[in-house]
Amino acid sequence: MRLNFALACAATLLGLGSEANADVYRDPDTGFTFSQYNALITTSTSSITFRIAIPSPAPANYDAVVQIVAPVAAGWVGLAWGGSMTNNPLLVSWVNGASGVASIRRATSHTAPAISTDATVQVLTKGTKSNGTHWQITAKCTGCTQFTTTGSTTKSLNPSGSNRLAFAYSKTKPSQPSSSSSTINVHDLFNYWDHDFAAAGNAQFADLVNRNL
C-alpha cells in the first residue's frame with residue numbers, strides 16, 4: 001500500500017498521468033499548459049523535468065512561468081535562460097521544507113554566479129510542493145525572455161519556436177536553504193536542450209498567475 005502511494009505521488013509530480021501528452025503537460029493543480037523537457041541526470045531513468053508556460057499571444061519582453069520537478073536527491077537546480085552559464089539570467093531553485101526558494105543569478109565567467117537584479121522571480125505557492133521522492137517549484141520569471149548578454153547586445157527568446165536552454169544541478173543543498181541569496185556549491189552536472197516555446201502558450205496567462213500566488 002505504501003509503495004502504491006509513493007508511485008502515485010511520483011507520477012503526479014512528474015506528470016505521468018492522463019494530463020501528460022508528449023511534450024505538453026496540462027497541470028491540474030495550477031491550470032497552466034506547459035511545454036516540458038525531461039533532462040536525464042543519471043545513466044538510468046532519474047531525471048529533472050523542466051516546464052515552461054508563456055502568454056498567448058506573447059507581447060514583447062513577456063513573462064514566463066517555469067515549473068521544475070526534481071528528485072529529492074537534488075540539492076538545487078538551475079535554469080539558464082540563454083543556454084549557457086554566462087551572460088544570461090540563471091534561475092536557481094530548491095526547497096526548504098515545504099516551501100520553494102528561488103533567485104535570479106548571473107555570471108560573467110565560469111565562477112559562482114552572483115545575485116542579479118536584472119530579472120525577478122516570484123514563487124507560485126499553489127504549484128510548489130514536495131513528497132518523499134520529488135520536489136516541485138513553480139515560479140514566474142520577469143526579465144528572463146529578453147535580456148542583455150554582453151555590452152548592449154540584447155537577446156530575445158522566440159515565443160513561436162524553439163529556444164536553447166541549459167540546466168545545472170547539485171546534490172548538495174545550499175548552505176542557508178531558507179535564504180534565496182544563499183551560497184551554492186559547484187554543480188554536479190550541466191547540459192542543454194532546445195525547448196519548444198510554441199507549445200507553451202496560455203491565453204489566460206495573467207489570470208492563472210494571479211490564481212496561483
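It should be emphasised that the depicted structure is a prediction, and the values quoted were computed from it without experimental measurement.
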SB check R51 D27 (cutoff 4.0 Å): no

Taking every non-hydrogen atom, the tightest pair across G127 and Q136: O-NE2, 2.9 Å

Nearest atoms (heavy-atom pairs only) where A64 meets T145: CB-CG2, 4.0 Å

Flag for T108-R106: side-chain donor and acceptor within less than 3.5 Å: no

Backbone of L124 reached by a side-chain donor or acceptor of T128 within 3.5 Å: yes

Short side-chain to backbone donor-acceptor contact, D207 and F205, under 3.5 Å: no

Whether W81 side chain and L165 backbone form a donor-acceptor pair below 3.5 Å: no

Test side-chain hydrogen bond (donor to acceptor under 3.5 Å, both in side chains) applied to T117 - qualifying residues, sequence neighbours left out: none

Chi angles and distances behind the side-chain contact (heavy atoms from CB on, under 4.5 Å) call for L90, S116: CA-CA 9 Å; L90 308 174; S116 172; over 6 Å; no

Derivation and outcome, side-chain contact (heavy atoms from CB on, under 4.5 Å), residues S103 and I115: CA-CA 7 Å; S103 64; I115 293 292; 4.0 Å; yes

Spatial distance of atom OH (Y62) from atom CD1 (I54) [nearest 0.5 Å]: 4.5 Å

K126 side chain vs R211 backbone, donor-acceptor pair below 3.5 Å: yes

Interatomic spacing from OG1 in T142 to CG in D63 - rounded to 0.5 Å: 3.5 Å

Over all atoms of both residues, closest heavy-atom pair of P71 and I41: CG-CD1, 3.7 Å

Under 3.5 Å: donor-acceptor pair, side chain of N96, backbone of S99: no

Atom pair OG1 (T154) and CZ (F147), whose distance is rounded to the nearest 0.5 Å: 9.5 Å

Least distance between heavy atoms, V123 atom then A102 atom: CG2-CB, 4.0 Å

Gap between atom CG of L157 and atom CD of Q146 - 0.5 Å precision: 9.0 Å

H195 and S35 side chains, donor-acceptor separation under 3.5 Å: yes

Any residue meeting side chain to side chain contact (heavy atoms under 4.5 Å, CB included) with T33, in chain and number order, not counting sequence neighbours: V24, R26, N202

Side chain to side chain donor-acceptor pair (under 3.5 Å) partners of residues 162-181, not counting sequence neighbours, each pair once: R164-D194, S175-S182, S179-S181

side-chain contact (heavy atoms from CB on, under 4.5 Å) assessment of V66 paired with K140: CA-CA 6 Å; V66 58; K140 183 188 74 168; over 6 Å; no

S84 side, atom OG; F190 side, atom CZ - distance, nearest 0.5 Å: 10.5 Å

Criterion ring-ring contact (aromatic ring centres under 6.0 Å, His included) against Y37, the qualifying member of F50, W193, Y192: W193

No-hydrogen, no-angle side-chain donor-acceptor test under 3.5 Å, T150 and N87: no

CA sep, side-chain torsions, deciding dist, call: D23, D196, side-chain contact (heavy atoms from CB on, under 4.5 Å): CA-CA 8 Å; D23 292 327; D196 182 12; over 6 Å; no

Single hit among V95, I137, L91, I48 for side-chain contact (heavy atoms from CB on, under 4.5 Å) with V77: I48

Exam field: side chain Q122 to backbone C141, donor-acceptor pair closer than 3.5 Å: no

